[in-house]
Amino acid sequence: MEKFNKHTGTAVPLRRSNVDTDQIIPAVYLKRITKNGFEDGLFAAWRNDPAFELNQPQYKTATILVAGPDFGTGSSREHAVWALQNYGFKVVLSSRFADIFRGNSQKAGLLTVILAQEEIEKIWKEIEAKPETSVTVNLESKTVTYGSTTLDFVIDDYTRWRLMEGLDDIGLTFTKIDQVSNFEEKRASFKPKTLPIR
Amino acid sequence: MGKTLAEKIWAEHVVSSTAGEPDLLYIDLHLIHEVTSPQAFDGLRLANRKVRRADLTIATEDHNVPTLNIDKPIADPVSKLQVDTLRKNCEEFGVRIHSLGDVEQGIVHVVGPQLGITQPGMTIVCGDSHTSTHGAFGALAFGIGTSEVEHVLATQTLPLIRPKTMAINVEGTLKPGVTSKDIILAVIAKIGTGGGQGYILEYRGSAIRALSMEARMTICNMSIEAGARAGLIAPDQTTFDYVKDKPHAPSGTDWDAALAYWQTLVTDSDAKFDKEINLNADELAPFVTWGTNPGQGLPLSASVPNPADITNAEDRGAAERALEYMDLKPGTPLKSIKVDTVFLGSCTNGRIEDLRSAAAVIKGKKIADSLRLLVVPGSARVRLQAESEGLDKVFLDAGAEWRSAGCSMCLGMNPDQLKPGERAASTSNRNFEGRQGKGGRTHLVSPLVAAATALKGTLASPADL
């Protein structure tokens, strides 16, 4: 995973609540067996609409998505995160993310930042009035800056450290693998096994 | 102070706990399917890692498989490649797989319980958000993404921050014609699609205790639709009886030890939930969704709401957008809405009891001329069981299609899809825009409402027939 320290780019407003993972990428696009190539499926149902925010020329190069509340509800498909990343997004801002989506984003290195809905509204207004507005998301200082505004955001220290170092969770767990083995020795014998087949 | 059920199961599975870090949790069972696993197996290969516990892992083919002509090669080459990739990965890494055509094949959340590998007190994960289904057994079960699938394959653990706990108390007695599907749709309508975010839900109360195992699975299944990664129900005699004769149930002294442990799996009387919600089962009626998220639901006797009456601006905007997509006008009685397709199936309502209850409504009658009824058993075993009871005949005689097992039209990943503008009454779990096919419109309903709707042609409950 790439290290994430800070990112500066332009932002696109997505004024919709409850954008679920079927909106982010419909199931028919989930058939690939790689982690790339999902950008075509991103927001597939809306992409043919010239009025859709992502299709507007002023937002074509945006790398920060400013979404409505409850972004990423629904399925556990990490493809939703990959589709956003494949398209070019580095950060998503929202007042509420679904739990599984947020977890997936933090594993895959897409920064999801929670801001109060009133701040999201202000950012929407700003980037609608001035699409060229530069937005900086700084993970080290836990701030989002645009124009003369700087907002603090909260993220747990462990996830922040992992993202900033670009660390792979599996590698971290392997440093504790002896504890896993010890745990396994004490597991109850009645716990079911899938093998041998009964 | 005592512990809640979720806290007990969590504590039993902590491998390592360090202040300021997520707990490392041991995973008792890992369920796998073709859609969310290929990249995880690739990750293992790249890092030269093995599957740590193939004996705690099981795969089935469900999301992408056809429900017609399953003896022939899968027609869509991209779907075929994904399914073939799962088969190859399972062979390479020594993972048990139940492929299309196998008697144990089916939707992963139907297969686990019917094999008896879903048991109380376990931690269960799968790269699918409806893993919460297994919580019905008093297990801590939740959906994970592909990075986490890889993590579990490699280490049989997951680093997780413990969620808060919420009690959903449902007291009283359900009226005839009201099902567990109506309970969970009412819960979601009450707390919203984000209401459960950050929580593990525990469903409690006399109305929950009175439910069968399969009805409990329907409730826990849709916990994710309320935003909760997991939902569970304390195991009781209903649970123990259900597990007892399954192929992978403990036997002999193991059964006694297991049962003694399972009987400790209750929330202590002095435990405190972070939040509590109360629902009166006596007041519940058949529920149906009118919008494009599962929280947009109302009793079937109600009318399409007027967004102008909704005070919360966010909800109002969502309702306006939903009605436009659903092509519905405020004030329209829900029972007057005409339906083109009825889908009976999915991990929510594709079990034998669901098929039995729908068949009982349909028996000896014909479905409306204007409509198709798709009946898709949740697993090959459910299909066989239904056929041994003659339910396939009941559905076929009524004019329905009797299909093979899979996720099918729940998510429209295989050829079973709605056409643009087509309207469905569906026993599945999500009414999202385009979920069942691009431009398709979904009303979520119970199997009883699905059956009555199929006969009447408009949204209906058996009482309306």
Side-chain angles (χ1 to χ4, degrees), chain A residues 15-18 20-23 26-28 30-35 44-45 68-70 73-79 81 96-101 103-104 107-108 117 156-158 168-174 176-177 179-180 182-184 187-198, chain B residues 15-16 20-22 24 26 28 35-36 38-39 54-58 64 78-79 81-82 85 96 116-117 119 127-129 143-148 150-151 154-157 159 193-194 197-198 227 229 247-248 250 254 257-258 261 293 314 317-318 321 411-413 430 432-435 438:
Chain A
R15 278 188 183 264
R16 303 175 192 223
S17 61
N18 260 297
D20 55 70
T21 51
D22 279 80
Q23 308 308 303
V28 287
L30 306 183
K31 297 180 185 181
R32 303 180 67 89
I33 55 173
T34 59
K35 288 188 185 180
D70 294 315
T73 54
S75 125
S76 66
R77 59 188 71 162
E78 198 162 316
H79 312 64
V81 172
R96 284 200 305 267
F97 290 99
D99 290 343
I100 302 181
F101 177 83
N104 287 343
K107 303 286 179 190
Q117 185 58 29
D156 72 274
D157 289 340
Y158 182 81
D168 155 26
D169 256 342
I170 300 177
L172 291 173
T173 298
F174 268 109
K176 299 175 182 169
I177 209 71
Q179 286 171 269
V180 178
N182 291 340
F183 185 94
E184 284 176 328
R187 285 180 82 233
S189 65
F190 60 74
K191 294 263 185 178
K193 290 184 178 162
T194 57
L195 294 171
I197 296 175
R198 287 201 222 160
Chain B
V15 170
S16 146
E21 289 184 20
L24 190 64
Y26 197 79
D28 289 321
V35 179
T36 56
Q39 297 85 353
D55 60 340
L56 303 182
T57 312
I58 186 167
N64 210 342
V78 195
S79 294
L81 176 64
Q82 196 171 56
T85 302
R96 173 176 174 182
I117 49 174
Q119 295 176 15
D128 185 279
S129 60
I144 57 178
T146 299
S147 293
E148 291 173 309
E150 185 180 338
H151 197 118
T155 69
Q156 203 59 33
T157 64
T193 55
Q197 266 172 34
R229 233 175 146 168
H248 284 269
D254 270 350
Y261 169 58
N293 76 57
E314 231 174 68
R321 186 183 289 277
L411 83 165
M413 195 165 176
R430 289 188 177 137
F432 297 158
E433 285 181 31
R435 166 84 175 179
K438 196 174 179 184

A/Ser75 side, atom OG; A/Asp20 side, atom CG - distance, nearest 0.5 Å: 9.0 Å
Just verifying a value: how many Å separate B/Gln119 CD and B/Tyr261 OH, rounded to the nearest 0.5 Å? 11.0 Å
A/Phe101 versus chain B, the contacting section by heavy-atom distance below 4.5 Å: neither
If one checks every heavy atom of A/Gln179 against chain B at 4.5 Å, the contacting part turns out to be both
Do A/His79 and B/Val35 have side chains that get closer than 4.5 Å, going by heavy atoms? yes
For chain A, which candidate among B/Thr57, B/Thr36, B/Leu81 shows the most heavy-atom pairs at distances under 4.5 Å? B/Thr57
At a heavy-atom distance under 4.5 Å, which candidate from B/Gly434, B/Pro159, B/Gly412 has the highest pair count against chain A? B/Pro159
Least distance between heavy atoms, A/Leu30 atom then B/Met413 atom: CB-CE, 3.7 Å
Looking only at A/Lys193, A/Arg16, A/Lys31, most heavy-atom pairs under 4.5 Å shared with chain B are made by A/Lys31
Residue from B/Pro22, B/Gly194, B/Gly116 scoring the most non-hydrogen pairs under 4.5 Å with chain A is B/Pro22
Side chains of A/Asn18 and B/Thr193: is there a donor and an acceptor less than 3.5 Å apart? yes
With only heavy atoms counted, which part of A/Lys176 is less than 4.5 Å from chain B, the side chain, the backbone, both or neither? side chain
B/Arg430 side-chain N/O to A/Gly74 backbone N/O, donor-acceptor pair under 3.5 Å: yes
I'd like to know which of B/Pro38, B/Gly143, B/Pro250, B/Ala258 tops the heavy-atom pair count under 4.5 Å against chain A. B/Ala258
With a 4.5 Å heavy-atom cut-off, do B/Arg229 and A/Ile100 have their side chains touching? yes
Side chain, backbone, both or neither: which part of A/Arg187 has a heavy atom under 4.5 Å from chain B? side chain
Answer with side chain, backbone, both or neither: which region of B/Gln197 has an atom nearer than 4.5 Å to a non-hydrogen atom of chain A? both
Contacts of type salt bridge (charged side-chain N to carboxylate O under 4.0 Å, His left out), residue B/Asp254, not counting sequence neighbours: none
Pick from B/Gly20, B/Gly127, B/Ser147, B/Ser79: which one has the most heavy-atom pairs with chain A under 4.5 Å? B/Ser147
What part of B/Ile117 gets within 4.5 angstrom of chain A, counting heavy atoms only: side chain, backbone, both, or neither? both
Who passes side chain to side chain contact (heavy atoms under 4.5 Å, CB included) against B/Arg96, sequence neighbours left out? A/Thr194, A/Leu195, A/Ile197, B/Ile58, B/His98, B/Leu115, B/His248
Interchain contact, A/Pro69 with chain B, by part (heavy-atom threshold 4.5 Å): side chain
Of the non-hydrogen atoms in A/Ser76 and B/Ser129, which two are nearest, and what is the gap between them? OG-N, 3.5 Å
Among A/Val28, A/Thr73, A/Asp70, A/Asp99, who wins on heavy-atom pairs under 4.5 Å with chain B? A/Asp99
Need one label for B/Asn293: side chain, backbone, both or neither, based on atoms under 4.5 Å from any heavy atom in chain A. side chain
By a 4.5 Å heavy-atom criterion (distance strictly below it), what part of A/Asp169 contacts chain B: side chain, backbone, both, or neither? both
Is the shortest side-chain heavy-atom distance between B/Tyr26 and B/Leu56 below 4.5 Å? yes
Please state whether the side chain, the backbone, both or neither of B/Thr157 comes within less than 4.5 Å of a heavy atom of chain A. side chain
So which part of B/Arg435 gets closer than 4.5 Å to some heavy atom of chain A, the side chain, the backbone, both or neither? both
Side chain, backbone, both or neither of A/Phe190 within contact of chain B (heavy atoms, under 4.5 Å): both
Side chain to side chain, B/Gln39 and A/Glu78, heavy atoms closer than 4.5 Å: no
Toward chain B, the part of A/Ser17 with a non-hydrogen atom under 4.5 Å: side chain
In Å and rounded to the nearest 0.5 Å, what is the NE2 to OG1 distance from B/His151 to B/Thr146? 14.5 Å
Any idea which of A/Arg15, A/Arg77, A/Arg32 has the most non-hydrogen atom pairs under 4.5 angstrom with chain B? A/Arg32
With a 4.5 Å cut-off on heavy-atom pairs, point out which of A/Ile177, A/Thr21, A/Leu172, A/Val81 contacts chain B the most. A/Ile177
Could you tell me whether B/Glu150 and A/Lys107 make a salt bridge, using a distance below 4.0 angstrom between a side-chain N and a carboxylate O? no
Is A/Asp168 in contact with chain B via its backbone, its side chain, both, or neither, using a 4.5 Å heavy-atom distance? side chain
Is B/Thr85 close to chain A through its backbone or its side chain, or both, or neither, when contacts mean heavy atoms under 4.5 Å? side chain
Looking only at heavy atoms and a cut-off of under 4.5 Å, which of A/Asn104, A/Asn182, A/Thr173 has the most pairs with chain B? A/Thr173
